[in-house]
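FYI, side chains are in, hydrogens and waters are out, and symmetry mates aren't considered; it's all heavy atoms of this structure.
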Amino acid sequence: ILYTDEAQKEVLVRVPDLTNKTVDEAMATLKSVGLNLKVIGFGNALKQDHEPGSLVPKGEVIEVEFRYLDVMELE
């Protein structure tokens with residue numbers, strides 16, 4: 001087998017901070033930098049499996065836990 005194309009270099013992107021974003025906002029934010037979203041739960045982003053600012057390969061799946069914020073917890 002003869003490969004005539006150069007090997008693709010891995011492109012790294014920074015993981016954005018998704019804290020308190022809705023699912024739609026998180027999806028749009030990740031899409032804008034070339035990342036994918038795995039949604040766990042509903043509501044606002046509480047935790048993500050990659051630290052904000054860390055470098056990951058473009059196309060990586062970022063797992064984000066969403067929860068509704070209880071008004072009573074804020075008081």
Side-chain angles (χ1 to χ4, degrees):
I1 298 174
L2 175 62
Y3 295 100
T4 58
D5 289 335
E6 290 185 32
Q8 295 280 335
K9 289 186 180 179
E10 187 173 67
V11 176
L12 298 176
V13 295
R14 289 204 185 276
V15 177
D17 185 358
L18 303 172
T19 306
N20 292 325
K21 293 190 181 299
T22 65
V23 173
D24 289 341
E25 291 169 337
M27 189 178 312
T29 300
L30 290 174
K31 184 178 178 182
S32 72
V33 295
L35 297 172
N36 296 295
L37 173 64
K38 178 178 179 183
V39 176
I40 299 174
F42 302 95
N44 295 80
L46 183 64
K47 290 190 236 177
Q48 59 192 77
D49 69 344
H50 289 80
E51 289 291 321
S54 60
L55 291 172
V56 298
K58 191 171 186 176
E60 184 81 11
V61 176
I62 307 301
E63 188 174 295
V64 182
E65 182 180 334
F66 293 86
R67 288 209 183 140
Y68 287 111
L69 298 177
D70 186 3
V71 175
M72 297 304 285
E73 289 180 31
L74 299 175
E75 295 178 353

* Taking the side chain as every heavy atom from C-beta outward, state whether Val11 and Pro57 have any atom pair closer than 4.5 Å. => no

Who else is in [X]'s hydrophobic cluster (ILVMFWY, side-chain heavy atoms under 4.5 Å, direct or via others)?
{"X": "Leu46", "result": "none"}
{"X": "Ile40", "result": "none"}
{"X": "Val64", "result": "Val13, Val15, Leu18, Val23, Met27, Leu30, Val33, Leu35, Leu37, Val39, Val56, Ile62, Phe66"}

* Could you note down all residue pairs passing salt bridge (Lys or Arg N to Asp or Glu O under 4.0 Å) where residues 37-59 supplies at least one of them, sequence neighbours left out? => Lys38-Glu63, Lys47-Glu65

* Asked: In chain order, what residues pass the side chain to side chain contact (heavy atoms under 4.5 Å, CB included) check against Glu25, with sequence neighbours excluded?
  -> Lys21, Thr22

* Structure fact -> Residues at least two apart in sequence or cross-chain that pass side chain to side chain contact (heavy atoms under 4.5 Å, CB included) with Thr19, listed by chain then number, are Asp17

